[in-house]
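Below is one structure, written out as structure tokens, with a few remarks after it.
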Amino acid sequence: MNSPVGWLKLQSTETALTAVYFDAEKTDNSTDQPTILKEAESQLQEYFAGKRKEFKLKLAPEGTEFQQRIWQLVQNVDFGTTASYLDIAKQSGSEKNTRAVGLANSKNPVPIIIPCHRIVGSSGKLTGYAGGLERKRWLLKHELSHTSSTTRLF
């Protein structure tokens, strides 16, 4: 699908979204797409239009037990807000896990929907993003422009 952050490729099983890839090439979509892909595309379009702040999709990202736990915590970071890697590490049970949290965050196979772009450095500085810092900056500015928050996100 085309989006303001470039072409995205959505991947799924018959019932759950498994991945969102940046920098996808435009391809002809199969006419026999699973319903989950159609719903994911629709919800992403609503998000980019500023009409959706929370995704309601069945997800099945592949990852280790630790990664799954981190991604679950990241899903709790609300639209238009940010959390630090340290915040997530503390929620995971150990503030010494900040590097492990960063690594798990970088392996998130469902970016945007599992909002890893909302995780920033403790100082509020934008740090690594698998989709590139420009995309991360765009996504955070987009969310800030569609929320009543007056707090700087980064």
Side-chain angles (χ1 to χ4, degrees), residues 1-30 32-85 87-89 91-92 97-98 100-121 126-149 151 153-154:
M1 72 172 276
N2 195 9
S3 80
V5 294
W7 285 95
L8 302 175
K9 178 182 177 182
L10 310 180
Q11 182 176 302
S12 74
T13 63
E14 282 297 315
T15 60
L17 188 66
T18 58
V20 174
Y21 298 101
F22 290 114
D23 296 324
E25 292 186 21
K26 183 180 178 181
T27 59
D28 290 329
N29 292 333
S30 165
D32 190 26
Q33 289 184 346
T35 303
I36 185 67
L37 284 179
K38 294 174 188 171
E39 186 57 31
E41 183 173 357
S42 174
Q43 288 190 28
L44 280 163
Q45 288 173 342
E46 291 169 359
Y47 169 83
F48 288 122
K51 297 176 181 174
R52 176 172 291 278
K53 296 182 179 184
E54 186 177 319
F55 293 95
K56 304 240 188 256
L57 296 166
K58 183 173 181 188
L59 303 177
E62 288 189 24
T64 66
E65 185 178 322
F66 179 77
Q67 289 170 335
Q68 297 282 342
R69 190 172 43 173
I70 297 306
W71 300 335
Q72 191 61 49
L73 293 170
V74 168
Q75 285 182 4
N76 295 331
V77 179
D78 292 334
F79 181 96
T81 66
T82 58
S84 71
Y85 294 97
D87 294 334
I88 300 298
Q91 291 173 35
S92 76
N97 278 343
T98 54
V101 166
L103 186 57
N105 211 38
S106 73
K107 301 292 185 191
N108 170 16
V110 192
I112 304 172
I113 295 165
I114 296 177
C116 53
H117 61 277
R118 296 180 190 153
I119 311 305
V120 298
L126 292 187
T127 56
Y129 186 61
L133 288 181
E134 283 307 309
R135 279 194 184 101
K136 184 172 188 164
R137 184 174 288 108
W138 189 95
L139 291 164
L140 291 172
K141 284 182 177 180
H142 168 72
E143 291 186 9
L144 188 58
S145 73
H146 293 284
T147 186
S148 59
S149 173
T151 305
L153 299 181
F154 56 96

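Numbering starts at 1 and runs along the sequence shown.
For residues 3-19, the side-chain hydrogen bond (donor to acceptor under 3.5 Å, both in side chains) pairs, not counting sequence neighbours, are Gln11-Tyr21.
Partners of Asp78 by side-chain hydrogen bond (donor to acceptor under 3.5 Å, both in side chains), not counting sequence neighbours: none found. Partners of Gln72 according to the side chain to side chain contact (heavy atoms under 4.5 Å, CB included) rule, which considers only residues two or more places apart in sequence or in another chain, are Gln75. The side chain to side chain contact (heavy atoms under 4.5 Å, CB included) check on Ser42 picks up Glu46, with sequence neighbours excluded. Not a single side-chain hydrogen bond (donor to acceptor under 3.5 Å, both in side chains) links Arg69 to another residue, sequence neighbours left out. For Lys56, the side-chain hydrogen bond (donor to acceptor under 3.5 Å, both in side chains) partners two or more places apart in sequence, or in a different chain, are Glu54. By the ring pair (Phe, Tyr, Trp, His ring centres under 6.0 Å) test, Tyr47 pairs with Phe55, His142, sequence neighbours left out. Under the side-chain hydrogen bond (donor to acceptor under 3.5 Å, both in side chains) criterion, Glu39 pairs with Gln43, sequence neighbours left out. Listed by chain and number, the residues in a side chain to side chain contact (heavy atoms under 4.5 Å, CB included) with Gln68 are Pro61, Trp71 (sequence neighbours excluded). The side chain to side chain contact (heavy atoms under 4.5 Å, CB included) check on Thr35 picks up nothing, with sequence neighbours excluded.
Nearest approach of Ala60 to Ala16, heavy atoms of both residues: CB-CB, 3.7 Å. Closest of all the heavy-atom pairs between Ala83 and Val77 is CB-CG2, 3.9 Å. When all heavy atoms are compared, the tightest approach of Tyr85 to Gly128 is OH-O, 3.6 Å. Minimum heavy-atom separation, Leu10 to Ala40: CD1-CB, 4.1 Å.
Atom CD1 in Ile113 sits 5.0 Å away from atom CG in Leu17 (nearest 0.5 Å). Distance OG1/Thr81 to CD/Glu143: 8.0 Å, rounded to 0.5 Å. Taking OG of Ser92 as the start and CG of Leu73 as the end, the distance is 6.5 Å to the nearest 0.5 Å.
Here Arg135 pairs with Asp23 in a salt bridge; the nearest charged N to carboxylate O distance falls below 4.0 Å. Ion pairing of Arg137 with Glu134 is present here, as a side-chain N (NZ or NE/NH1/NH2) and a carboxylate O approach within less than 4.0 Å.
Panel note: side chain Lys136, backbone Ile119; a donor-acceptor pair is recorded below 3.5 Å. Checked by atom type and distance alone, the side chain of Lys53 pairs as donor or acceptor with a backbone atom of His146 at under 3.5 Å.
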Show your reasoning for whether side chain to side chain contact (heavy atoms under 4.5 Å, CB included) applies to Leu8 and Ile112. CA-CA 11 Å; Leu8 302 175; Ile112 304 172; 4.2 Å; yes
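By the 4.5 Å heavy-atom criterion applied to side chains, Phe48 and Leu139 are counted as neighbours.
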Quiz: residues 100-109 side-chain donor-acceptor pairs under 3.5 angstrom, not counting sequence neighbours:
unit_1: Asn105; atom_1: ND2; unit_2: Cys116; atom_2: O; d: 3.3
unit_1: Ser106; atom_1: OG; unit_2: Leu103; atom_2: O; d: 2.7
unit_1: Asn108; atom_1: OD1; unit_2: Val110; atom_2: N; d: 2.8
unit_1: Asn108; atom_1: ND2; unit_2: Ile114; atom_2: O; d: 2.8

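Under the side-chain contact (heavy atoms from CB on, under 4.5 Å) rule, His117 has a single partner from Leu140, Val74, Val5, which is Leu140.
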